[in-house]
Amino acid sequence: MADILPNETIYIKNLNSKVKKQEMKRALHALFSAYGRILDVVVCKTPKLRGQAWVVFNEIPAATSALRHMKEFQLFDRPMVIQYAKSKSDAIISLTDDSYAPKEKRRKTEDKGVDKKRKDQEQPQANGATPAHSHVYGAAPPPVKPGNQEPNSILFIQNLPDETTGPMLEMLFTRYPGLKDVRMVDGRPGIAFVEYSDEGQATVALEALQSFKITANHAMVISYAKKG
DNA sequence: AGCACA
């Protein structure tokens, strides 16, 4: 039973296809960013591709780690089935090949008559140009130290932007089952407490949203509230 | 089960 060869990209199936595309992308990004730099997340809703996704890491070890850890993880009430992707992702190819021109069938969008027939001598793709992988996600290490690591049904959130509100956090955390309460702290900007019904559910949310970037320079730091 | 990327 030789499986598919290791690849920077993992292929995920058995996803809940009722979840909206953008929401699924965000959730996958949040879940998998713990395992390495994510270059792209691909989700399609076409009949043939529903319930499937690709998460592109910048290197194979990250993909391997993600695969091992997240195999069968329950996301939106379904255990994910994860394999390596069969082929290289565009985001990976364009890392080593500046002049990579995606696919030929991609002239589906109107050609508009702009250099329909150029085949060699492409536009030079200046260094300042936006390459295919410019939508790279990733987080700089946040300027706070994580707190208590001993599981608790209440999460302790740090490094929030000052303007964060309770409802904003609720929007983020409510997609992980069991959310009971979100509490901001008066006079203490940047932190919050998020309560779940039990430790397991809190842990799911923690792992999913750890390092989630609320804004460009604010990645959440999540730990467990101290007991007692 | 099903392997895409504009």
Side-chain angles (χ1 to χ4, degrees), chain A residues 1-139 213:
Chain A
M1 286 191 176
D3 247 355
I4 300 155
L5 296 168
N7 191 305
E8 292 86 350
T9 302
I10 53 172
Y11 167 70
I12 308 166
K13 57 185 182 178
N14 197 39
L15 292 168
N16 187 332
S17 54
K18 282 173 297 194
V19 176
K20 291 191 298 292
K21 180 165 139 182
Q22 275 318 118
E23 190 179 7
M24 181 60 77
K25 276 198 186 193
R26 274 224 313 189
L28 290 172
H29 184 271
L31 269 175
F32 284 103
S33 57
Y35 303 97
R37 274 295 179 267
I38 294 176
L39 303 187
D40 200 7
V41 177
V42 177
V43 173
C44 298
K45 304 277 294 191
T46 59
K48 190 183 173 195
L49 293 171
R50 60 190 261 286
Q52 298 155 80
W54 291 259
V55 176
V56 186
F57 289 95
N58 67 331
E59 54 189 7
I60 290 176
T64 300
S65 170
L67 191 152
R68 301 234 168 100
H69 286 91
M70 299 304 283
K71 207 172 249 292
E72 325 226 311
F73 183 94
Q74 293 254 150
L75 176 62
F76 300 116
D77 295 321
R78 289 166 168 271
M80 295 191 283
V81 175
I82 312 179
Q83 302 164 352
Y84 293 111
K86 278 184 184 162
S87 58
K88 266 204 185 315
S89 298
D90 287 355
I92 293 296
I93 296 174
S94 49
L95 282 182
T96 54
D97 180 3
D98 295 353
S99 62
Y100 175 62
K103 271 190 189 140
E104 290 176 11
K105 65 187 223 183
R106 283 184 209 166
R107 48 181 173 66
K108 229 167 83 182
T109 38
E110 352 109 273
D111 291 32
K112 286 226 166 158
V114 183
D115 61 334
K116 261 186 189 155
K117 295 193 66 179
R118 49 91 237 230
K119 198 168 155 200
D120 35 23
Q121 197 57 15
E122 322 267 325
Q123 60 276 48
Q125 176 83 6
N127 285 335
T130 305
H133 58 280
S134 67
H135 50 302
V136 174
Y137 311 93
K213 290 173 91 171

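Protein chains get the first letters and strands the later ones, always in sequence-line order, with residue 1 at the start of each.
Residue A:Gln74 comes nearest to A:Pro79 through the heavy atom pair OE1-CD, 3.7 Å, listed as atom of the first residue, atom of the second, then distance. Minimum heavy-atom separation, A:Ile38 to A:Phe32: CD1-C, 3.6 Å. Across every non-hydrogen atom of A:Leu28 and A:Met80, the tightest pair is CD2-SD, 4.2 Å.
Within the structure, ring pair (Phe, Tyr, Trp, His ring centres under 6.0 Å) contacts touching residues 35-61 of chain A (residues at least two apart or in different chains) are A:Tyr11-A:Trp54, A:Tyr35-A:His69.
Distance A:Tyr11 OH to B:dC5 P: 13 Å, rounded to the nearest Å. Spacing between atom OH of A:Tyr84 and atom P of B:dC3 amounts to 19 Å, rounded to whole angstrom units. Counting to the nearest Å, the C1' atom of B:dG2 and the CD1 atom of A:Ile10 are 17 Å from each other. Put simply, CD on A:Glu8 is 19 Å from P on B:dC5, counting in whole angstrom units. At whole-Å resolution of the value, CG in A:Asn7 and P in B:dA4 are 13 Å apart. The interatomic distance linking A:Lys13 (NZ) with B:dA4 (P) rounds to 14 Å, in whole Å. Between A:Lys21 atom NZ and B:dA6 atom C1' there is a gap of 11 Å when expressed in whole angstrom units. A straight line from CD1 of A:Ile12 to P of B:dA4 spans 15 Å, rounded to a whole angstrom.
An OP1 or OP2 oxygen of B:dA4 is reached within less than 4.0 angstrom by a side-chain nitrogen or oxygen of A:Lys48.
Taking OG of A:Ser87 as the start and CG of A:Leu5 as the end, the distance is 12.0 Å to the nearest 0.5 Å. Here the CD1 atom belonging to A:Ile12 is positioned 10.5 Å from the CD atom belonging to A:Gln83, to the nearest 0.5 angstrom.
Of all the residues in residues 49-56 of chain A, A:Leu49, A:Arg50, A:Gln52, A:Trp54 reach under 4.0 Å from DNA chain B with at least one non-hydrogen atom.
Side-chain proximity of A:Ile4 to B:dC3, B:dG2, B:dC5: nearest is B:dC3.
Counting atom types as modelled, A:Ser89 pairs a side-chain N or O with a base atom of B:dA4 as donor and acceptor under 3.5 Å.
Within 4.0 Å of A:Lys45, counting heavy atoms only, lies no atom of the nucleic acid at all.
Annotation: salt bridge (charged side-chain N to carboxylate O under 4.0 Å, His left out) contacts of A:Lys71 (sequence neighbours excluded): none.
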